[in-house]
Amino acid sequence: MAKNVTREEDYSKWYNDLVFRAGLAENSAVRGCMVIKPYGYAIWEKMQAQLDKRFKETGHQNAYFPLFVPKSMFEAEEKNAEGFAKECAVVTHYRLKTDPNDKTKLIVDPEAKLEEELIVRPTSEAIIWSTYKGWIQSYRDLPILINQWANVVRWEMRTRLFLRTSEFLWQEGHTAHATKAEAIVEAEKMLDVYSEFAEEFMAMPVIRGKKGESERFAGAEETYCIEAMMQDGRALQAGTSHFLGQNFAKAFDVKFADKEGKLEHVWATSWGVSTRLMGALVMTHSDDEGLVLPPKLAPIQVAIIPIYKSPEELTLVSEAALELTSKLKELGISVKYDDDDNRRPGWKFAEYETKGVPVRVAIGPRDLAEGKVELVRRDTKEKSIVDLAGVEHTIAQLMEDIQNNLFERALKFKNDRIQKVDTYTEFKEKLEKEGGFYLVHWDGTIETEALIKAETQATIRCIPLDSPEEDGVCMVTGKPSKFRVVLAKAY
RNA sequence: CGGGGUGUAGCGUAGCCCGGUAUCGCGCCUGCUUUGGGAGCAGGAGGCCGUCAGUUCGAAUCUGGCCACCCCGACCA
């Protein structure tokens with residue numbers, strides 16, 4: 001087996017190779033679009049299940065809206081349309097026909113041109129708000145709390161598996177409210193759902209913040225976000241929640257009568273996370289040997305590998321392994337007993353390490369004779385020989401320990417790489433040398449932000465929600481500033 | 001859309017300068033031996049050398065067009 005590229009050697013190649021090697025996804029025949037493979041999709045399904053549960057617990061319902069948006073509808077909210085215009089796939093025809101010059105080929109039938117082009121949704125605000133118009137007349141119709149699981153298309157110039165693909169899977173929540181305050185509460189509540197999910201399930205610490213003007217969602221009044229730090233010190237936007245004000249209600253003329261019978265435009269939010277979270281998961285925990293998965297999202301939590309020389313030994317080992325398998329399942333732990341005779345133990349060890357299975361159990365005649373088994377935890381690679389009797393409880397405990405350890409490890413990594421700097425010179429030096437996040441004073445102007453980006457590639461990731469008020473001066477222009485913002489290179 | 005690069009077996013490659021129908025590794029198939037960290041040996045299958053045209057007795061190799069993909073920039077969750 002060829003030696004794998006390490007994170008140190010080439011982080012970007014390490015990531016790509018790993019996504020492929022671990023069986024998460026691969027590039028498809030369609031440029032920029034990926035095939036999500038069964039193991040990768042199983043992780044995504046775990047994410048979906050958990051998020052979906054939280055959405056429902058917070059009062060939302062799922063629905064589904066069309067893939068296509070008529071152009072006239074798409075352009076109704078100007079800022080939103082302008083923001084996405086450059087990356088839209090457009091349907092212009094509805095039929096093919098046999099090429100008269102080559103009977104084996106098909107051509108677009110010029111007679112089947114659509115009167116109005118259809119835009120493949122890059123996001124669904126337009127189609128959803130045009131629908132909400134028919135659903136909302138009175139304050140009694142509000143709030144509307146809807147989520148949809150869908151695919152969207154954004155025609156990206158440069159793509160990377162999970163992090164940026166032309167088509168991606170996501171969920172998008174779209175809510176309608178009677179008051180501004182209620183909509184803001186909603187946007188903030190969903191940001192909390194995202195940050196809790198990231199930290200509790202993905203074991204990925206995040207910074208909760210607001211976007212500055214230049215990074216705000218097209219058509220939003222306020223964009224809240226969670227930003228995570230990857231192992232190379234770069235920032236990754238892991239989820240966003242937008243307060244849309246009355247922009248879409250005005251664009252689609254959605255009004256409601258309040259208790260006094262007065263007509264007012266509806267207040268909106270939208271919020272989403274995507275398959276990009278898969279990339280975040282990989283780049284937060286994995287190592288040079290392969291994937292490292294938090295137990296709460298691992299499709300296989302425990303792999304049991306039999307060691308044997310003869311059929312008799314296999315019978316003996318299998319008996320113990322199958323008993324342990326059922327005990328683990330009773331505790332709600334997902335187990336794979338891998339008795340495939342075509343692969344040798346060493347191969348299996350390497351395979352489950354690559355796939356990030358949190359705990360591996362090896363059972364062989366040598367240990368069995370003493371009533372023991374070998375446990376190896378993926379996060380620390382620690383090996384231990386423990387009593388077979390009651391080992392299911394040891395493993396259950398390990399699941400919690402690993403989940404916690406991964407979070408603590410990632411948290412320490414992040415905290416060690418966030419620093420306050422006060423001069424632009426120091427910032428440039430440190431960013432170049434150490435990477436990571438920087439808490440700096442900024443004058444709040446787009447011009448200064450653009451200058452920093454042009455000179456250092458770093459962007460203002462967010463204004464942290466827990467950022468304390470602090471008088472200071474912009475590190476670039478020396479103009480006054482009231483709080484620090486997070487500056488980093490981003491994915 | 002600008003700048004650079006690459007197309008040879010399922011994957012990764014050698015050969016190309018200096019023309020003679022293709023090398024090696026992984027994987028795959030069969031058999032035996034193996035099985036506590038990606039097994040060993042033996043045998044075997046698999047390729048119109050991206051594509052179209054030109055030069056030539058003869059093209060993976062030289063020339064030209066086309067296509068595809070990759071990398072770097074602008075855009076972006």
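When reading the values below, keep in mind they use all heavy atoms of this one structure, side chains included, and skip hydrogens, waters and symmetry mates. Chain naming here is simple, since letters A, B, ... match the order of the sequence lines and numbering starts at 1 in each.
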Which heavy atom in A/A490 sits nearest to a heavy atom in A/T459, and how many Å separate them? CB-OG1, 4.2 Å

Looking for any heavy atom pair under 4.0 Å, which part of the strands does A/E87 touch: base, sugar-phosphate only, or nothing? sugar-phosphate

Base, sugar-phosphate, or nothing for A/L236, non-hydrogen atoms under 4.0 angstrom? nothing

Answer with base, sugar-phosphate or nothing: what part of the nucleic acid does A/T165 contact at a heavy-atom distance below 4.0 Å? base

Mind checking whether A/W129 and A/Y132 have parallel, tilted or perpendicular rings, split at 30° and 60°? perpendicular

Atom CZ of A/R160 to atom C1' of B/C70: distance rounded to whole Å? 14 Å

Closest non-hydrogen atom pair between A/Y491 and A/D232, with its separation: OH-OD2, 2.6 Å

Looking at residues at least two apart in the chain, or sitting in another chain, which of them share a side-chain contact (heavy atoms from CB on, under 4.5 Å) with A/N405? A/R377, A/D379, A/T380, A/R409

Within the supplied structure, the quantity of interest is the number of heavy atoms (other residues, nucleotides, ligands) at a distance under 6.0 Å from A/E455 CD; does it exceed 12? yes

Side-chain donor/acceptor of A/R344 to base of B/G36, under 3.5 Å: no

Which part of the nucleic acid does A/P365 contact within heavy-atom distance under 4.0 Å: base, sugar-phosphate only, or nothing? base

My validator wants the stems of RNA chain B: runs of 3 or more consecutive Watson-Crick or G-U pairs, both distances under 3.5 Å, written as range with range. B:1-7 with B:67-73, B:10-12 with B:24-26, B:28-33 with B:39-44, B:50-54 with B:62-66

Can you tell me, in whole Å, how much space there is between the C1' of B/A59 and that of B/C1? 36 Å

With a 3.5 Å cut-off and heavy atoms only, can you find an N or O donor on one side and an acceptor on the other between the side chain of A/K348 and the base of B/G36? no

With rounding to the closest Å, how many angstrom separate the C1' atoms on B/C28 and B/G64? 40 Å

